[in-house]
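Written out below as structure tokens is the structure these notes cover.
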2 protein chains.
Amino acid sequence: MNISTLCLGILALGEASGYEIRKRFEGPFRHMHEPSFGSIYPALAKLTRDGMVSCTVHSQEKRPSKKVYSITPAGRLALRQELESALPGPDRIRSDFLVTMLFSDILSPDFIDAAVTERIAFYNELGAVLQSNECGGNAGREFVRGYGMAVCRAAVEYLETVQRSTQDRETLTAA
Amino acid sequence: MNISTLCLGILALGEASGYEIRKRFEGPFRHMHEPSFGSIYPALAKLTRDGMVSCTVHSQEKRPSKKVYSITPAGRLALRQELESALPGPDRIRSDFLVTMLFSDILSPDFIDAAVTERIAFYNELGAVLQSNECGGNAGREFVRGYGMAVCRAAVEYLETVQRSTQDRETLTAA
DNA sequence: GCAACCTGTATCGGGCTGCTATATGGCCCC
DNA sequence: GGGGCCATATAGCAGCCCGATACAGGTTGC
């Protein structure tokens with residue numbers, strides 16, 4: 001799965017500009033992928049060259065004009081073939097947080113505590129964003145939303161349990 | 001957080017070869033990072049050049065000889081400074097599975113069902129690997145293990161709930 | 001007997017991220 | 001009122017990283 005396929009998929013749900021595609025992965029989809037502008041714009045250019053999408057320039061008042069892309073029938077076909085060509089592979093994860101925690105023995109307890117506290121706040125916020133995003137309509141969107149919420153909840157629960165047990169230990173040591 | 005820092009951290013837990021570093025991220029750590037050989041070997045070469053690690057060749061009978069790397073005092077200092085220089089940023093996730101599910105409306109129900117079933121099996125297996133890995137000793141390792149297990153459990157629960165409700169709907173439709 | 005797989009190191013192409021540039025307008029604060 | 005910062009919008013580039021490949025010998029399995 002490359003960024004071209006990802007863009008094609010988003011455009012299958014409705015036309016959008018490169019900027020708008022990126023924005024969709026900041027709100028309620030940011031737990032599944034976060035493509036950068038540096039990969040989205042070249043991907044759209046290539047898709048246009050290959051006839052998978054068509055592009056029309058929309059002039060806007062008081063804003064820069066934007067290029068709105070629409071998926072073509074050829075694009076829709078290619079998208080289905082690409083997605084169904086194989087079962088999705090395992091998620092690629094790079095968690096700086098978990099790496100930091102893995103080496104917690106050589107770091108200061110205050111730093112570790114701050115990292116955990118920040119992470120709890122982060123997942124609480126993400127959970128709230130997912131919950132408030134009613135979105136409706138599309139079953140796929142609902143699934144992704146529900147998945148994100150389930151994982152967020154589990155992460156917060158685990159982090160809070162660990163934090164409480166750490167605090168208890170400190171209280172005991174102090175006493 | 002780059003691969004150099006990651007390697008330095010692993011070496012802070014004990015000396016290892018490039019191959020062994022990779023292996024550690026296949027078993028119980030594969031939910032946090034999966035660095036490739038193509039990034040590990042250049043990283044180790046650079047760390048050696050910079051005096052962060054030292055390298056000795058171990059000849060082995062009936063096996064290729066290997067280069068075993070050890071962290072130096074300078075490396076230990078640099079690792080702490082690097083890790084404590086900022087709180088860890090958000091996880092970078094690329095989930096082909098969630099992307100596929102997002103576009104489930106335009107894919108065949110059989111394919112979606114197969115993808116969900118496969119994913120349940122995957123997380124069940126990962127959960128089992130994490131559980132069986134007693135590891136002990138290091139608090140960081142315990143934390144990462146517990147986190148992985150919590151997330152796995154939540155994912156499986158959610159996926160199974162969705163799958164059951166889909167089956168119920170099919171039963172209703174058939175009746 | 002030979003195919004398939006494991007240990008082990010290393011390189012290379014290409015994909016992607018993060019940063020920067022560029023242009024324009026709105027908002028806040030001093 | 002002007003300086004700084006943020007949002008919209010597109011685009012290019014350096015550098016990091018992944019996946020594939022090469023190479024070499026050993027072991028397991030049929």
Side-chain angles (χ1 to χ4, degrees), chain A residues 1-8 10 15-27 30 32-50 53 55-69 82 86 88-96 99, chain B residues 1-8 10 15-27 30 32-50 53 55-69 82 86 88-96 99:
Chain A
M1 167 97 58
N2 52 27
I3 303 288
S4 284
T5 308
L6 186 66
C7 290
L8 208 50
I10 294 295
E15 58 174 31
S17 66
Y19 187 80
E20 286 162 359
I21 291 175
R22 175 70 222 265
K23 286 289 143 186
R24 305 223 170 142
F25 286 100
E26 283 180 10
R30 73 170 181 270
M32 55 185 285
H33 215 303
E34 279 189 275
S36 65
F37 289 123
S39 56
I40 290 173
Y41 286 117
L44 289 173
K46 189 174 183 306
L47 287 170
T48 306
R49 276 201 307 278
D50 295 346
V53 301
C55 170
T56 53
V57 176
H58 286 219
S59 301
Q60 302 177 108
E61 272 181 30
K62 307 195 173 180
R63 280 204 191 167
S65 53
K66 61 181 177 180
K67 294 183 181 177
V68 174
Y69 296 87
E82 167 69 23
D91 297 356
R92 274 164 287 177
I93 297 179
R94 291 194 47 181
S95 174
D96 283 10
V99 171
Chain B
M1 165 99 57
N2 52 28
I3 302 289
S4 284
T5 307
L6 186 66
C7 289
L8 210 48
I10 294 295
E15 59 174 31
S17 67
Y19 186 80
E20 286 161 359
I21 290 175
R22 176 70 223 265
K23 286 289 144 188
R24 305 224 170 142
F25 285 100
E26 283 179 11
R30 73 170 180 269
M32 54 185 286
H33 215 302
E34 279 189 273
S36 66
F37 288 124
S39 54
I40 289 174
Y41 285 116
L44 289 173
K46 189 174 182 305
L47 286 170
T48 307
R49 276 202 306 279
D50 295 346
V53 301
C55 170
T56 54
V57 176
H58 285 216
S59 303
Q60 302 177 107
E61 273 179 34
K62 307 195 173 181
R63 284 211 186 161
S65 54
K66 61 182 178 180
K67 293 184 180 177
V68 174
Y69 295 86
E82 167 70 23
D91 297 357
R92 273 163 289 178
I93 298 179
R94 292 194 47 178
S95 174
D96 283 11
V99 171

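First the proteins, then the strands, lettered A, B, ... as listed; each starts at 1.
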Sequence neighbours excluded and cut-off under 3.5 Å, please list the side-chain donor-acceptor pairs for residues 61-69 of chain B, or say none.
from: B/Lys66; atom 1: NZ; to: B/Glu20; atom 2: OE2; distance (Å): 2.6

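B/Ser17 has a side-chain polar atom (N or O) that falls below the 4.0 Å cut-off from OP1 or OP2 of C/dT9. Remark: B/Tyr41 is in phosphate contact with C/dT9, judged by side-chain N or O atoms under 4.0 Å from OP1 or OP2. Taking 4.0 angstrom as the limit, B/Lys23 places none of its side-chain polar atoms (N or O) nearer than this to OP1 or OP2 of C/dG8.
Nearest-nucleotide positions on DNA chain C for B/Arg63 and A/Pro64 put B/Arg63 closer to the 5' end.
The distance from atom CG of B/Asp91 to atom P of C/dT17 is 15 Å, rounded to the nearest whole Å. As rounded to whole Å, 13 Å separates atom P of D/dA9 from atom CD of A/Glu26. One interatomic measurement links the two molecules: NZ of A/Lys66 to P of D/dA7, which rounds to 17 Å at whole-angstrom precision. With rounding to whole Å, B/Ile21 atom CD1 is found 13 Å from C/dT9 atom C1'. For B/Lys67 and C/dA10, the NZ to C1' distance is 9 Å, given to the nearest whole Å. Rounded to whole Å, the distance from OH on A/Tyr19 to P on D/dC6 is 13 Å. Counting to the nearest Å, the P atom of D/dG26 and the CD atom of B/Gln60 are 12 Å from each other. Atom CG of B/Leu47 and atom P of C/dT9 are 15 Å apart (whole Å).
Note on A/Lys46: nothing from the nucleic acid sits closer than 4.0 angstrom, heavy atoms only.
Considering all non-hydrogen atoms of both residues, B/Leu44 and B/Gly18 come closest at CD1-CA, 3.6 Å. B/Arg30 and B/Phe25 make their closest contact through CB-O, 3.3 Å (heavy atoms, listed as atom of the first residue, atom of the second, distance).
A donor-acceptor pair is defined here as one N or O able to donate and one able to accept, closer than 3.5 Å; no such pair exists between the side chain of B/Asp96 and the backbone of B/Val99. Side-chain atoms of A/Arg22 come within 3.5 Å of backbone N or O of A/Pro35 as a donor-acceptor pair.
Atom CE of B/Met32 is separated from atom CG of B/Leu6 by 6.5 Å, given to the nearest 0.5 angstrom.
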- Item | Annotated protein contacts, base or backbone, on nucleotides 13-23 of chain D with a non-hydrogen cut-off under 4.0 Å, one of B, S, - each | ----SBB----
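B/Arg94 pairs by the salt bridge (Lys or Arg N to Asp or Glu O under 4.0 Å) definition with nothing, not counting sequence neighbours.
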